Number of protein chains: 4
Amino acid sequence: MRQKDEAKARDILRATLEEVQAVGLAGLSVEAVARRAGVATGTVYVYFKGKEALLDELYLHTKQKFAAFVLRDDGLPLRATFTRITCAYLDYVTENAAEMVFMGQMANSPYVTPQTRETVALGVRPLMALLERGKAEQLLKDVDIAWMTAFLGGVMHAMAPLGARLAPDARRQFQETVAALCWDALKA
Amino acid sequence: MRQKDEAKARDILRATLEEVQAVGLAGLSVEAVARRAGVATGTVYVYFKGKEALLDELYLHTKQKFAAFVLRDDGLPLRATFTRITCAYLDYVTENAAEMVFMGQMANSPYVTPQTRETVALGVRPLMALLERGKAEQLLKDVDIAWMTAFLGGVMHAMAPLGARLAPDARRQFQETVAALCWDALKA
Amino acid sequence: MRQKDEAKARDILRATLEEVQAVGLAGLSVEAVARRAGVATGTVYVYFKGKEALLDELYLHTKQKFAAFVLRDDGLPLRATFTRITCAYLDYVTENAAEMVFMGQMANSPYVTPQTRETVALGVRPLMALLERGKAEQLLKDVDIAWMTAFLGGVMHAMAPLGARLAPDARRQFQETVAALCWDALKA
Amino acid sequence: MRQKDEAKARDILRATLEEVQAVGLAGLSVEAVARRAGVATGTVYVYFKGKEALLDELYLHTKQKFAAFVLRDDGLPLRATFTRITCAYLDYVTENAAEMVFMGQMANSPYVTPQTRETVALGVRPLMALLERGKAEQLLKDVDIAWMTAFLGGVMHAMAPLGARLAPDARRQFQETVAALCWDALKA
DNA sequence: CATGAATGAGTTTTCATTCAT
DNA sequence: TATGAATGAAAACTCATTCAT
């Protein structure tokens with residue numbers, strides 16, 4: 001027998017991502033996903049329990065890949081980390097348009113299970129640790145960590161798309177501006 | 001359309017809003033909207049060209065009502081206006097949950113026409129004027145206006161839901177914190 | 001608007017009956033039923049909640065029509081009633097082949113709801129009353145009524161199809177034989 | 001087929017029986033059968049040509065096992081044999097619920113091939129021989145043998161389930177009653 | 001022979017839209 | 001204009017069967 005192929009599951013997930021970018025979350029059909037992945041309709045149901053499960057799982061994967069790329073505490077000084085996160089976020093938006101579209105469409109949809117929403121929420125932990133450190137060293141304001149992470153998330157989410165359209169050199173300046181705004185907002 | 005009964009059109013729009021809050025944008029059916037509005041299915045098509053038009057129009061209305069409430073330049077000093085906007089945004093979120101859910105779900109959906117998206121974008125004009133004034137008076141950093149509005153929009157969008165859950169007195173302090181963060185970020 | 005048409009519901013029920021006779025309960029598709037009834041597929045779902053509900057309802061109707069025809073206590077002497085029931089049962093089998101096939105296929109299927117099964121069971125009441133009378137007059141054996149009805153039901157169910165194939169005059173004799181067997185079995 | 005492992009074929013047949021009892025004939029899936037039998041889906045097709053063949057074959061086996069147990073002419077006097085058959089039938093129903101459910105669901109289904117239906121019909125031969133003997137000895141009425149067997153089959157089929165629910169001592173009396181009814185019906 | 005992943009035709013069901021009344 | 005029954009295309013999902021391993 002063919003062994004259940006991990007690569008095939010990835011094909012289906014990738015096809016879903018592309019299809020959402022192409023036709024939107026409403027308008028996504030399992031058949032189109034299968035066709036794009038190069039498998040039969042039924043095969044999708046071999047790897048995923050159903051359309052909802054497929055989307056939920058893809059959302060989890062996408063968010064985690066994203067968080068792993070952007071939200072790292074690499075031990076740089078705090079101010080430098082702000083710049084690093086800004087750059088990483090912006091680079092990600094620029095180079096992974098399909099992922100961003102997908103996350104945007106899923107974020108408020110009823111397809112995401114509470115379980116996944118919870119797991120995803122854990123992704124900001126490294127950022128929280130970083131901010132905690134900043135607060136302990138009195139480099140940052142004495143503000144609730146959850147508020148700070150929401151603040152940073154909101155800023156990045158709203159601003160990154162603006163930077164993606166810029167020419168490379170303007171982008172550099174953009175990134176520094178975003179980092180500066182965030183830093184000025186949160187610094188003690 | 002729009003001949004006979006202006007109230008009936010509003011019933012349908014309100015019903016749509018509530019239904020999206022209840023079952024999500026995916027899962028919204030015209031029949032459920034009609035039932036909730038207390039009219040027949042066909043009547044929806046008397047007042048709106050179709051499901052897409054209904055959603056698009058409702059999105060426009062909702063955004064404009066929201067912008068009118070939150071994004072006013074009432075001539076207060078700049079710093080005070082930051083606090084006013086924060087309060088207004090947060091109050092709106094707290095008291096119009098269905099509207100917020102609807103706007104969240106629509107923002108990235110393919111239901112919104114480019115025309116509407118454009119019109120909605122004009123809603124931030126008062127805010128842009130305000131920021132322009134601040135820049136002219138050298139109270140604010142010399143940063144692209146579009147970047148600033150994106151910044152403020154992102155912060156509000158991400159933080160307001162956190163405040164909505166707080167007790168009234170804690171909420172007061174929350175609002176001031178949000179306003180302070182934004183001010184520190186943008187002030188010269 | 002078109003008023004919900006009682007005749008259309010009957011068309012669908014009749015079409016279901018015929019379709020089951022033609023292709024069996026396994027192999028019954030809603031689309032084929034709709035085609036045979038001369039309506040669109042979706043129309044079936046206007047009148048019935050789903051395939052299961054359609055079958056369950058049809059089973060109830062069929063059983064009740066059958067019981068009303070066969071299981072009447074028309075006040076004749078007991079012995080004569082045995083003959084009457086035998087004749088009625090046999091006539092019914094002969095003239096309503098589709099109904100019999102359908103009842104046979106449904107009887108042991110999981111499509112029938114317990115509720116319907118219960119209601120159908122009430123159909124033997126007139127027969128039970130008749131047997132009660134016979135016991136009171138000591139014309140019948142002192143045997144549990146439920147046992148007697150099961151006995152008669154079993155005999156009819158098994159024997160009637162044999163009679164349906166006979167020529168009219170042989171059939172007359174057949175009916176009398178069946179009645180005689182039942183009478184001899186139950187009489188005191 | 002049938003080369004390697006006779007036991008595996010029996011496992012599959014047994015699993016089918018149990019699965020039909022659990023989910024009904026409609027709702028039976030080959031995969032569920034395989035899972036219950038502890039083999040792979042494909043293995044079912046090694047031992048049986050397909051789903052229909054599996055069911056048909058199982059029906060034949062079940063009917064024959066049943067007939068062998070119930071319909072024996074063991075040379076007892078006629079009246080005693082009536083009691084014996086009643087007891088055997090009832091015992092079988094009580095102890096082989098899954099078999100009875102399966103036979104009930106298959107009897108009217110299109111899965112049974114005419115060939116099998118014919119072979120199964122031969123199972124009543126011993127009973128027919130017994131009744132023939134009774135007629136020759138003028139112990140029984142002069143009634144068509146086919147009618148008599150239908151009569152007895154119908155009575156047993158309908159009544160046995162009633163007895164299965166009784167306590168052991170009540171069951172004894174039940175069996176005698178059933179035997180008496182049949183005897184009174186058929187005796188000369 | 002045994003496996004179970006893969007297939008894809010076929011099934012049930014939904015739902016935006018139309019239209020007779 | 002208002003109604004809601006009717007439509008039928010499209011969607012999600014199932015499952016008997018095949019086949020590569």
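Chain letters run A, B, ... following the sequence lines, proteins first, then strands; residues in each count from 1. This structure is a prediction, so every number in the text was calculated from the model and none was measured.
Considering only side-chain atoms of C:V46, the nucleotide from F:dC15, E:dT18, F:dA6 that sits closest is F:dA6. Taking only side-chain atoms of D:K51, from C-beta outward, the nucleotide of F:dT7, F:dT17, F:dA2 with the closest atom is F:dT17. Relative to the side chain of D:S29, the nucleotides F:dA16, E:dT7, F:dG8 differ in distance, and F:dA16 lies closest. Among F:dG4, F:dT18, F:dA2, the nucleotide with an atom closest to any side-chain atom of D:Y45 is F:dT18. Candidate nucleotides E:dT13, E:dG4, F:dA16 were compared by shortest atom distance to the side chain of D:V30, and F:dA16 ranks first. Nearest to the side chain of D:T41, among E:dA5, E:dT11, F:dA2, sits E:dA5.
Residue D:L28 is in sugar-phosphate contact alone, with no base atom involved, counting any heavy-atom pair closer than 4.0 Å across all strands shown. Across all strands shown, A:V44 has no heavy atoms under 4.0 Å from either base or sugar-phosphate atoms. Among the atoms of the strands shown, only primed sugar atoms or phosphate atoms (P, OP1, OP2) are found under 4.0 Å from some heavy atom of A:Y47.
Taking CE of B:M106 as the reference point, atom CG of B:L60 lies at 10.5 Å (rounded to 0.5 Å).
Remark: D:D11 does not engage D:K8 in a salt bridge, criterion side-chain N to carboxylate O under 4.0 Å.
Pair assignment for E:dA16: F:dT7, on the basis of Watson-Crick or G-U wobble contacts that are both within less than 3.5 Å. Base pairing of E:dT21: its partner is F:dA2, meeting the Watson-Crick or G-U wobble criterion (both donor-acceptor distances under 3.5 Å). Across the strands present, F:dT14 finds its partner in E:dA9; the criterion is a Watson-Crick or G-U wobble pair with both atom distances under 3.5 angstrom.
Aromatic ring pairs are classed by plane angle as parallel below 30°, tilted from 30° to 60° and perpendicular above 60°; the pair B:Y92 and B:F66 is perpendicular.
Mapping A:E31 and C:K8 onto DNA chain F by nearest heavy atom places C:K8 at the nucleotide closer to the 5' end. Between A:G42 and B:G42, it is B:G42 whose nearest contact on DNA chain F lies nearer the 5' terminus.
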Give the intermediate values and the outcome of side-chain hydrogen bond (donor to acceptor under 3.5 Å, both in side chains) for residues B:T113 and B:T116. CA-CA 5 Å; B:T113 59; B:T116 293; 3.0 Å; yes
